[in-house]
Amino acid sequence: MGTGIYISTDIEKMDIDFIHNYLSNSAYWAKGRSIALVRKSIENSLCFGAFTAENEQVAFARVATDYVIFAWIMDVFVAPDFQGKQIGELLLNTITTHPDLKKVNGFGLRTYDAHKFYGKFGFKEIPEPKTWMYKSNI
């Protein structure tokens with residue numbers, strides 16, 4: 001893994017411009033998301049940032065949770081220059097073993113292209129998908 005990489009949940013450390021730039025310009029799921037919406041989503045989530053020893057943010061993920069029943073993982077990314085250095089693995093390990101999340105009944109997420117990656121952390125297809133419902137506001 002990249003030397004000196006560490007994870008922080010300190011919302012004050014999150015580099016809003018870095019996060020917004022990636023989400024709005026590179027993430028298929030968040031293209032065009034405004035900085036105001038990025039800021040609001042961060043303020044209302046448990047956020048995880050990966051940082052170099054020099055405190056440069058290189059990855060991000062956020063979790064919406066009630067800390068009891070469910071934790072929904074969103075907006076996971078590693079900056080292109082830092083991909084392939086196991087930072088994503090460090091990020092997911094930190095999230096799934098975080099003391100405040102360790103006892104939630106389950107984690108959820110959506111992905112179009114990273115099933116193999118998340119499978120390494122025990123993620124599987126939703127059991128009994130017919131019991132799940134969804135209402136879109138888009």
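Any value given below was found using the heavy atoms of this structure, including those in side chains, with hydrogens, waters and symmetry copies removed.
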Solution key, residues 97-109 side-chain donor-acceptor pairs under 3.5 Å, sequence neighbours excluded:
unit_1	atom_1	unit_2	atom_2	d
Thr97	OG1	Asn93	O	2.6
His98	ND1	Asp100	N	3.0

Which donor-acceptor pairs under 3.5 Å do side chains of residues 56-64 form with protein atoms, sequence neighbours excluded?
unit_1	atom_1	unit_2	atom_2	d
Gln57	OE1	Asp15	N	2.7
Gln57	NE2	Ala59	O	3.1
Arg62	NE	Asp75	OD2	2.7
Arg62	NH1	Ser45	OG	2.8
Arg62	NH2	Asp75	OD2	3.4

When the side chains of residues 124-135 are checked against the rest of the protein, which donor-acceptor pairs come out under 3.5 Å, sequence neighbours left out?
unit_1	atom_1	unit_2	atom_2	d
Thr131	OG1	Glu128	O	2.7
Lys135	NZ	Asn137	OD1	2.7

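For the side chain to side chain contact (heavy atoms under 4.5 Å, CB included) test, residues two or more places apart in sequence or in another chain that qualify with Asn55 are Tyr6, Lys13. Checked against side chain to side chain contact (heavy atoms under 4.5 Å, CB included), Asp81 has no partners two or more places apart in sequence or in another chain. Among residues two or more places apart in sequence or in another chain, the side chain to side chain donor-acceptor pair (under 3.5 Å) test is passed with Tyr67 by none. Every residue meeting the salt bridge (Lys or Arg N to Asp or Glu O under 4.0 Å) condition with Lys120, not counting sequence neighbours, appears here in chain and number order: Glu89. For the side chain to side chain contact (heavy atoms under 4.5 Å, CB included) test, residues two or more places apart in sequence or in another chain that qualify with Asn44 are Lys40. In terms of the side chain to side chain donor-acceptor pair (under 3.5 Å) criterion, Gln83 has no residue partners (sequence neighbours excluded). By the side chain to side chain donor-acceptor pair (under 3.5 Å) test, Glu54 pairs with Thr52, sequence neighbours left out. Asp17 meets the side chain to side chain donor-acceptor pair (under 3.5 Å) test with no other residue; sequence neighbours excluded. With sequence neighbours left out, the side chain to side chain contact (heavy atoms under 4.5 Å, CB included) criterion links Ala114 to Thr111, Phe117, Tyr118.
Within the 4.5 Å cutoff, no side-chain heavy atoms of Ile11 are placed close to those of Leu46. Phe70 has its side chain out of reach of Thr65: every pair of non-hydrogen atoms, C-beta onward, lies at least 4.5 Å apart. With a 4.5 Å cut-off on side-chain heavy atoms, Pro80 and Tyr22 count as touching. In this structure the side chain of Arg110 never reaches within 4.5 angstrom of the side chain of Trp29, judged on heavy atoms.
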Residues Ile5, Phe51; criterion side chain to side chain contact (heavy atoms under 4.5 Å, CB included); working and verdict | CA-CA 5 Å; Ile5 298 294; Phe51 297 86; over 6 Å; no
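Between the Lys31 side chain and the Ser24 main chain, no donor and acceptor come within less than 3.5 Å of each other.
Rounded to the nearest 0.5 angstrom, Ile16 CD1 and Asn21 CG are separated by 12.5 Å. Interatomic distance, Ser41 OG to Leu23 CG, rounded to the nearest 0.5 Å: 7.5 Å. Taking CD1 from Ile7 and CG from Leu92, the interatomic distance works out to 9.5 Å, rounded to the nearest 0.5 Å.
For the pair Arg33 and Val38, the tightest heavy-atom approach, listed with the atom from each and the gap, is CD-CG2, 3.7 Å.
Hydrophobic clustering (side-chain heavy atoms under 4.5 Å, transitive across Ile, Leu, Val, Met, Phe, Trp, Tyr) keeps Phe123 apart from Ile69. No continuous path of hydrophobic side-chain contacts links Phe18 to Leu91 [ILVMFWY only; heavy atoms under 4.5 Å]. Note: the hydrophobic cluster containing Ile73 also contains Phe121 (ILVMFWY, side chain heavy atoms under 4.5 Å, direct or indirect links). The hydrophobic clustering, which links ILVMFWY residues whose side-chain heavy atoms are closer than 4.5 Å, places Phe77 and Ile42 together. In the hydrophobic clustering of this structure, Phe48 groups with Ile87; members are Ile, Leu, Val, Met, Phe, Trp, Tyr whose side-chain heavy atoms approach within less than 4.5 Å, directly or through other members.
Other residues, nucleotides and ligands contribute more than 12 heavy atoms inside 6.0 Å of the OH atom of Tyr28.
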